[in-house]
Amino acid sequence: MGEQLGEFLRARRAALTPEAGGVPTYGTQRRVPGLRRDEVAQLAGISVNYYTRLEQGESHQMSDSVLEALGNAFQLTADERMHLLRLARPEQVQAVRRPYGPELLRPSVLALVAGVADQAAIVVGRYFDLLGGNRLGYALYGLNPGQQVNLAKMMFLDPAMRDLYPDWEVHAGDVAAYLRMATGDMPDDPMLAELIGELSIKSPDFTRAWGAQRVAECTYSVKRIDHPLVGPLELNEETMRLPDDPGQRIIFLGAAPGTDSADRLRLLDSLSPS
């Protein structure tokens, strides 16, 4: 995890401008796009030598105060702070290690999702595999009910996704950010490593998004979709994790009542195969 820690710190340092970090530049030309190491050390209240060793992957059992100071210096989100903790203290990850391998969806969960009306509902696994959903959930992605796909691969490797999402780069970046978070939860998972490796080889866009070192949990958002059958949709997305099946989550996508999107969602449902 040491190498990943260094990569994360370097990426966060490069992403934070002196203006955003409150670091005066006095009009001088700079050789780095973000902050210098000494500037980060000053913001965090630690020595330059110590911070340099951290970027080199030497966590040295980083204290809570240093973790908090770095989080404040880099203006990290809650998800990014948790990721930093996992990288700095990998032994804590070992205690909550998740099972590896193919996932199974409990029939009760599938029945719950299949019975949802007026909203698209899907179940996504820890590797972004589509494990199940209702008819509308499959139709939203142009899939037949029960069709087995990996949504991360679809996002980066299927050209149709760029037409489906008007702001494709935003959603693609969110997928990469979630996978980055998953590497902190499952640092030695061979299936996760295989997925990331395949995307890195086949998609330059994924390589760029992955290199940004963004970390984010999938919770809620507003998604704009330009569906080829019914036109533009604006949907509220809510995600619920399944605590008894780590990594699995139910995603609901629905439109506000009385809107054009709600009408188009009902039309899509009527056009969907049983």
Side-chain angles (χ1 to χ4, degrees), residues 1-98 126 173-190 192-193 195-197 199-200 206-219 246-247:
M1 298 287 269
E3 182 179 348
Q4 294 182 41
L5 172 64
E7 290 176 353
F8 182 68
L9 293 175
R10 289 192 295 272
R12 296 278 62 79
R13 178 164 62 85
L16 187 63
T17 64
E19 294 76 14
V23 176
T25 60
Y26 306 107
T28 58
Q29 292 186 340
R30 300 176 62 84
R31 298 179 180 179
V32 294
L35 298 182
R36 299 192 302 265
R37 286 176 175 172
D38 62 296
E39 292 168 337
V40 172
Q42 182 177 3
L43 287 174
I46 58 179
S47 72
V48 178
N49 182 54
Y50 179 61
Y51 177 74
T52 299
R53 296 204 306 272
L54 292 178
E55 280 203 0
Q56 293 171 347
E58 302 177 26
S59 64
H60 298 294
Q61 295 298 314
M62 202 185 306
S63 67
D64 291 342
S65 60
V66 171
L67 283 168
E68 182 178 2
L70 287 174
N72 293 337
F74 286 128
Q75 303 173 17
L76 300 183
T77 65
D79 291 338
E80 290 168 340
R81 288 171 188 263
M82 179 58 68
H83 187 65
L84 175 61
L85 173 63
R86 289 167 176 150
L87 294 180
R89 299 176 181 172
E91 69 281 354
Q92 294 185 9
V93 178
Q94 305 299 323
V96 294
R97 186 179 296 279
R98 296 173 176 176
R126 66 176 72 98
D174 289 343
V175 170
Y178 180 85
L179 287 174
R180 174 70 69 178
M181 172 167 276
T183 61
D185 289 337
M186 305 177 290
D188 302 315
D189 190 310
L192 180 60
L195 172 61
I196 293 170
L199 291 173
S200 299
F206 176 80
T207 301
R208 284 190 291 271
W210 186 252
Q213 292 275 339
R214 277 190 59 225
V215 180
E217 174 68 280
C218 298
T219 52

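Everything numeric in this text was worked out from a predicted model, so none of it was measured. The figures here come from the full heavy-atom set of this structure, side chains too, leaving out hydrogens, waters and symmetry mates.
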Specify the closest pair of heavy atoms between A11 and A212, including all atoms of both residues, with the distance to one decimal. CB-O, 4.1 Å
As a quick check of understanding, evaluate side-chain contact (heavy atoms from CB on, under 4.5 Å) for L54 and Y50, giving each step before the final call. CA-CA 6 Å; L54 292 178; Y50 179 61; 3.9 Å; yes
Residues in side-chain hydrogen bond (donor to acceptor under 3.5 Å, both in side chains) contact with S65, at least two apart in sequence or another chain: S63
Is it the case that over 12 heavy atoms from other parts of the model lie below 6.0 angstrom from the CD atom of Q42? no
State, yes or no, whether a side-chain contact exists between V40 and E55 at a heavy-atom distance under 4.5 Å. no
Residue pair R89 / L67, side-chain heavy-atom distance below 4.5 Å: yes
First locate atom OG1 of T183, then atom CZ of F8, and finally report the distance between them rounded to the nearest 0.5 Å. 10.0 Å
Could you tell me whether the side chains of N49 and R37 share a donor-acceptor contact shorter than 3.5 Å? no
If I take atom CG from residue L84 and atom CG from residue L9, how far apart are they, to the nearest 0.5 angstrom? 6.0 Å
Closest heavy-atom pair, A209 versus A176, reported as atoms and distance to 0.1 Å, is CB-CB, 3.7 Å
When rounded to the nearest 0.5 Å, the distance separating CG of L179 from CG of D174 is 11.0 Å
Heavy-atom closest contact (L5 atom, M62 atom, distance): CD2-CE, 4.3 Å
Atom of A44, atom of L70 and distance for their closest heavy-atom approach: CB-CD2, 4.0 Å
Under a 3.5 Å distance rule, please check whether S200 uses its side chain to pair with a backbone N or O of T207 as donor and acceptor. no
On a heavy-atom basis, which atom in E80 and which in T77 lie closest, and how many Å separate them? OE1-N, 2.8 Å
Does any non-hydrogen side-chain atom of R180 lie less than 4.5 Å from one of R214? no
Is there a side-chain contact between N72 and R81 (heavy atoms, below 4.5 Å)? yes
Using modelled atom types and a 3.5 Å cut-off, is there a donor and acceptor pairing between side-chain atoms of R12 and backbone atoms of Q213? yes
Quick one, F206 and V175 - any side-chain contact, counting heavy atoms below 4.5 Å? no
Gap between atom CG of L87 and atom CD of E7 - 0.5 Å precision: 9.5 Å
Distance check, rounded to the nearest 0.5 Å: R86 atom CZ versus H83 atom NE2? 8.5 Å
Just to verify, what does Y51 make a ring-ring contact (aromatic ring centres under 6.0 Å, His included) with, not counting sequence neighbours? none
